[in-house]
Amino acid sequence: MLRREGDGVRWWIERQALLGKAVPPPSLVAAWSTLSTPTGAVESAEAVIARIEADPAAARWRPGRSRVNGYWNGEHGAGRWDQASQVRILGRVREPDGDGLDLSWHLPDPGRPPEYYWASTLRLSGHAPGRAAGDRAAGAAVDASGAGHWRWTLEAAAGRFRGPDLDLAADLFTAVLHTVAERRETSWGAVLHDHVARNRPLPCEQYLGFEINEPEAGRVARGYYWANLLTEGHLAGLGGSADVRRRCGRAGLAAEPVAGRDALIVRSARPLSQLDDDTLRTLRDVLRPVLATRPYTYYQGPPIRVLKEPGAASRRIPPEIQNPWFEDDGPMNGLGAGYRLVPDE
């Protein structure tokens with residue numbers, strides 16, 4: 001069996017069952033990329049916080065933990081945050097070496113005491129790999145103004161987001177995406193419901209085994225999702241915003257203009273809870289000229305909303321195999337009993 005033929009998702013699910021573990025539910029995620037100074041990052045965070053807390057549901061949310069600066073390189077200042085401490089927390093990010101921010105809200109479960117139990121957590125994270133000292137020494141991108149490429153995620157754990165609740169939350173996340181899209185330093189973004197590790201590759205990148213970095217994200221989309229922010233570089237590669245709107249209209253997709261700039265949020269016209277493979281395929285086809293392409297090799301992990309290539313990821317791997325090895329992996333070189341040859345069925 002070749003690597004591209006092996007169904008790593010099915011193996012992962014069956015392997016979890018064999019080990020007595022459940023498959024975790026997906027999370028609702030908004031992700032976006034910016035080129036910002038620390039001050040710009042603070043302004044972006046303030047705009048997102050204001051938009052979240054303007055939501056009618058926010059009256060029931062309680063601020064949770066915070067982490068600022070250095071959290072991504074070994075040191076951190078952490079604690080609870082509230083309106084009184086927000087200025088201090090964001091002030092730390094505004095410092096010349098500002099490179100990270102992590103804030104959370106707890107969403108209480110109406111059926112349990114709010115001080116002890118939470119149905120879900122809403123988490124806003126931003127980090128600038130190029131601003132950390134080790135990354136700067138390695139030559140990561142920081143321009144002459146002190147701006148670095150920031151990676152942002154707004155994530156809601158899946159506890160209470162299903163059906164209509166998922167769609168209401170997706171509307172809020174799309175509003176947040178519009179808010180950040182109005183800032184010209186924002187180069188790309190998306191809203192998706194999938195298995196995503198915070199500050200790690202997005203589903204399409206996981207599946208194909210590569211990652212679009214922030215400097216590239218302004219012209220190469222990091223995948224195709226329920227909602228996709230396309231900015232000037234993407235639209236140029238797609239023939240211009242007018243052509244994209246026409247194609248979306250013919251394909252039954254929504255193309256929402258972004259206030260104040262030549263940018264669009266291209267998304268399914270149906271609620272997120274009703275996203276199907278046909279719509280996902282249509283989104284992929286519309287975005288194809290600005291998507292990174294690479295032949296599928298192998299992905300093992302939780303099921304993600306990515307369309308399979310024909311003939312790929314179709315053959316079962318027995319779950320008792322601890323670490324699959326394939327005939328195109330080369331010699332096993334004495335890797336030990338934990339590695340077993342995938343039988344050719």
Side-chain angles (χ1 to χ4, degrees), residues 26-34 47-48 51-52 55 152-156 158 161-183 186-196 202-205 207 212 217-292 304-307:
S27 296
L28 176 64
V29 174
W32 63 96
S33 300
T34 65
V48 172
R51 183 61 192 84
I52 291 170
D55 188 85
W152 295 87
T153 56
L154 177 65
E155 179 179 358
F161 295 116
R162 297 182 178 88
D165 285 338
L166 172 63
D167 295 330
L168 287 173
D171 289 342
L172 170 60
F173 276 42
T174 305
V176 167
L177 190 59
H178 269 283
T179 296
V180 298
E182 292 172 11
R183 301 184 60 85
T186 302
S187 56
W188 172 88
V191 176
L192 56 144
H193 185 228
D194 218 327
H195 290 92
V196 180
L202 292 175
C204 290
E205 297 169 324
Y207 192 73
I212 304 301
R219 58 182 182 82
V220 181
R222 296 181 61 195
Y224 48 93
Y225 306 105
W226 177 75
N228 307 268
L229 169 61
L230 306 177
T231 59
E232 292 84 353
H234 308 110
L235 295 175
L238 291 167
S241 55
D243 190 48
V244 172
R245 286 195 297 268
R246 284 193 294 269
R247 291 168 60 196
C248 287
R250 291 195 297 267
L253 301 176
E256 301 172 355
V258 173
R261 64 185 298 194
D262 185 21
L264 296 171
I265 294 179
V266 172
R267 65 174 182 87
S268 168
R270 303 175 67 183
L272 179 55
S273 63
Q274 298 178 26
L275 179 64
D276 56 23
D277 285 351
D278 287 341
T279 303
L280 199 61
R281 188 171 293 105
T282 301
L283 286 161
R284 183 192 61 182
D285 291 344
V286 167
L287 300 183
R288 192 184 296 275
V290 294
L291 293 173
I304 51 180
R305 296 299 301 270
V306 178
L307 299 167

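By convention here, the first residue in the shown sequence is residue 1.
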* **Heavy-atom side-chain contact between Leu264 and His234 under 4.5 Å** => no
* Structure fact -> Closest heavy-atom pair, Thr231 versus Gly218, reported as atoms and distance to 0.1 Å, is OG1-O, 4.0 Å
* **Contacts of type salt bridge (charged side-chain N to carboxylate O under 4.0 Å, His left out), residue Glu182, not counting sequence neighbours** => none
* To do: Just jot down the salt bridge (charged side-chain N to carboxylate O under 4.0 Å, His left out) partners of Asp262, sequence neighbours excluded, or say none.
  => none
* To do: Nearest 0.5 Å please: distance from the OH atom of Tyr207 over to the CD1 atom of Ile304.
  => 7.5 Å
* Structure fact -> On a heavy-atom basis, the closest approach of Ala169 and Leu28 is CB-CD2, 3.5 Å
* Value rounded to 0.5 Å, distance of CD in Glu232 from OG in Ser187 -> 10.0 Å
* Asked: Do the side chain of Asn228 and the main chain of Ala190 share a donor and acceptor less than 3.5 angstrom apart?
  -> no
* Asked: For Ala242, what residues pass the side-chain contact (heavy atoms from CB on, under 4.5 Å) criterion, not counting sequence neighbours?
  -> Arg245, Arg246
* To do: Taking all heavy atoms of Val266 and all of Cys248, pick out the closest pair and write down the distance.
  => CG1-SG, 3.6 Å
* Quick one: side-chain contact (heavy atoms from CB on, under 4.5 Å) partners of Arg284, sequence neighbours excluded? -> Tyr224, Arg281, Arg288, Leu291, Leu307
* Within a strict 4.5 Å, meaning less than it, do heavy atoms of the Val48 and Trp32 side chains meet? -> yes
* For the pair Glu205 (side chain) and Ile212 (backbone), establish whether a donor and an acceptor sit closer than 3.5 Å, ignoring hydrogens and angles. => yes
* side-chain contact (heavy atoms from CB on, under 4.5 Å) evaluation trace for Val196 with Thr153 -> CA-CA 10 Å; Val196 180; Thr153 56; 5.9 Å; no
* **Pairing residues for Arg305 by the salt bridge (charged side-chain N to carboxylate O under 4.0 Å, His left out) criterion, not counting sequence neighbours** => Asp277
* **Non-hydrogen atoms of Leu235 and Ser241 that approach each other most closely** => CD1-CB, 3.9 Å
* Criterion side-chain contact (heavy atoms from CB on, under 4.5 Å) on Arg267 and Val191, from CA distance to verdict -> CA-CA 9 Å; Arg267 65 174 182 87; Val191 176; over 6 Å; no
* To do: Could you please spell out the steps behind the side-chain contact (heavy atoms from CB on, under 4.5 Å) verdict for Thr282 and Leu253?
  => CA-CA 8 Å; Thr282 301; Leu253 301 176; 3.9 Å; yes
* **Heavy-atom pair of closest approach, residues Trp226 and Pro271** => NE1-C, 3.7 Å
* Gap separating the CG atom of Leu238 from the CG atom of Leu287, nearest 0.5 angstrom -> 6.5 Å
* Asked: side-chain contact (heavy atoms from CB on, under 4.5 Å) with Thr179: which residues, sequence neighbours excluded?
  -> Ala47, Arg51
* Supply the atom-to-atom distance Thr186 OG1 to Arg261 CZ, rounded to the nearest 0.5 angstrom. => 6.5 Å
* Look only at the side chain of His195 and the backbone of Pro203, and say whether a donor-acceptor pair between them is shorter than 3.5 Å. => no
* Anything under 30° is parallel, anything over 60° is perpendicular, the rest tilted; go ahead and classify Tyr225 against Trp188. => perpendicular
* Asked: Any idea which heavy atoms bring Leu275 and Ser268 closest together, and the distance?
  -> CD1-CB, 4.3 Å
* Starting at CD1 of Ile265, measure out to OG1 of Thr174 and round the result to the nearest 0.5 Å. => 7.0 Å
* Separation between CG of Leu172 and CG of Asp55, rounded to the nearest 0.5 Å -> 4.5 Å
